[in-house]
Amino acid sequence: CAWYAIGKGGWAMKHAGASNIYLYVLSFHWTLAQISPAPNDVHPTNLVERTFATLVLFMGILIFSNMIGRVTSLVAKYNQETKELVLDCERMRNLCSTGRIPASLTSRLLRLMQESRNKK
């Protein structure tokens, strides 16, 4: 973990005497705390650590924003496809009712339309 390597002369000094495993787990906890609201008692103590922590937070913001954007895009695409299906079904109903198509054939056509959309 980069935070562990950077902190050997900084934040890790506050935990002098601790094992390397403890320091590594502590740095891993710090990493997770940067991308979640978890409490964290390890803080940058010098310019290098502060710069690294700022870059990690910035990368977390970019990754999180990207994920939110992708989910929003997927939901918008799903909503648009659903809207188009509803409009197509309404048009088919109107066409079948004005053309005096039997109800059984109309329902079969609508079911086929929905099934073809679901396969996409």
Side-chain angles (χ1 to χ4, degrees):
C1 187
W3 182 246
Y4 176 71
I6 289 173
K8 287 204 174 207
W11 67 265
M13 301 298 283
K14 292 181 180 179
H15 302 279
S19 70
N20 284 339
I21 293 174
Y22 176 80
L23 292 175
Y24 185 77
V25 169
L26 189 61
S27 66
F28 186 68
H29 177 261
W30 175 86
T31 303
L32 293 176
Q34 299 309 299
I35 57 173
S36 68
N40 186 15
D41 62 347
V42 175
H43 303 285
T45 59
N46 58 43
L47 180 60
V48 173
E49 291 176 359
R50 176 91 40 208
T51 302
F52 181 77
T54 302
L55 290 174
V56 167
L57 287 171
F58 186 69
M59 285 178 25
I61 290 169
L62 289 177
I63 291 169
F64 185 72
S65 299
N66 186 2
M67 288 177 9
I68 294 296
R70 286 177 183 243
V71 169
T72 301
S73 176
L74 287 173
V75 169
K77 182 180 175 186
Y78 175 78
N79 286 341
Q80 182 63 31
E81 289 175 356
T82 302
K83 182 180 176 181
E84 289 173 6
L85 177 62
V86 168
L87 288 173
D88 288 346
C89 288
E90 187 61 33
R91 287 186 198 119
M92 181 62 77
R93 279 190 202 97
N94 288 339
L95 179 66
C96 290
S97 67
T98 59
R100 297 188 179 148
I101 305 291
S104 61
L105 181 57
T106 301
S107 65
R108 285 178 56 195
L109 287 170
L110 292 172
R111 187 172 45 242
L112 285 172
M113 284 177 61
Q114 291 174 345
E115 288 174 3
S116 71
R117 291 284 177 128
N118 290 337
K119 288 181 183 179
K120 288 183 181 179

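Closest non-hydrogen pair, C89 versus L110, comes out as O-CD2, 3.6 Å. When all heavy atoms of P39 and A33 are compared, the closest pair comes out as O-CB, 4.3 Å. Minimum heavy-atom separation, C96 to T106: CB-OG1, 3.2 Å.
Taking OG of S65 as the reference point, atom CE of M67 lies at 9.5 Å (rounded to 0.5 Å). The CZ atom of R70 lies 9.0 Å from the CG atom of L74; values are rounded to the nearest 0.5 Å. Here the CD1 atom belonging to I61 is positioned 10.5 Å from the CD atom belonging to Q34, to the nearest 0.5 angstrom.
Linking ILVMFWY residues whenever their side-chain heavy atoms come closer than 4.5 Å, directly or via other members, places L105 and M92 in the same cluster. Cluster membership check: V48 shares its hydrophobic cluster with V56, using side-chain heavy-atom separations under 4.5 Å among Ile, Leu, Val, Met, Phe, Trp and Tyr. Hydrophobic clustering (side-chain heavy atoms under 4.5 Å, transitive across Ile, Leu, Val, Met, Phe, Trp, Tyr) keeps L85 apart from L95. Connection of L26 to Y24 is established within a shared hydrophobic cluster, with ILVMFWY side chains joined at heavy-atom distances below 4.5 Å, either directly or through further cluster members.
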**Asked** Taking it one step at a time, do W3 and V42 satisfy side chain to side chain contact (heavy atoms under 4.5 Å, CB included)?
**Response** CA-CA 10 Å; W3 182 246; V42 175; 3.6 Å; yes

**Message:** For T45 and M13: C-alpha separation, side-chain torsions, deciding distance, then whether side chain to side chain contact (heavy atoms under 4.5 Å, CB included) applies.
**Reply:** CA-CA 10 Å; T45 59; M13 301 298 283; over 6 Å; no

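A 4.5 Å side-chain heavy-atom check between M113 and L109 finds every atom pair outside the cut-off. Side-chain contact between L87 and R91 is present, with at least one heavy-atom pair separated by less than 4.5 Å. A 4.5 Å side-chain heavy-atom check between T54 and F58 finds every atom pair outside the cut-off.
Distance alone, capped at 3.5 Å, is enough to place a donor-acceptor pair between the T51 side chain and the L47 backbone.
Ring geometry for W11 versus H15: interplanar angle over 60°, hence perpendicular rather than tilted (30 to 60°).
When each of D41, V25, N40 is checked for a side chain to side chain contact (heavy atoms under 4.5 Å, CB included) with W30, only N40 meets the rule.
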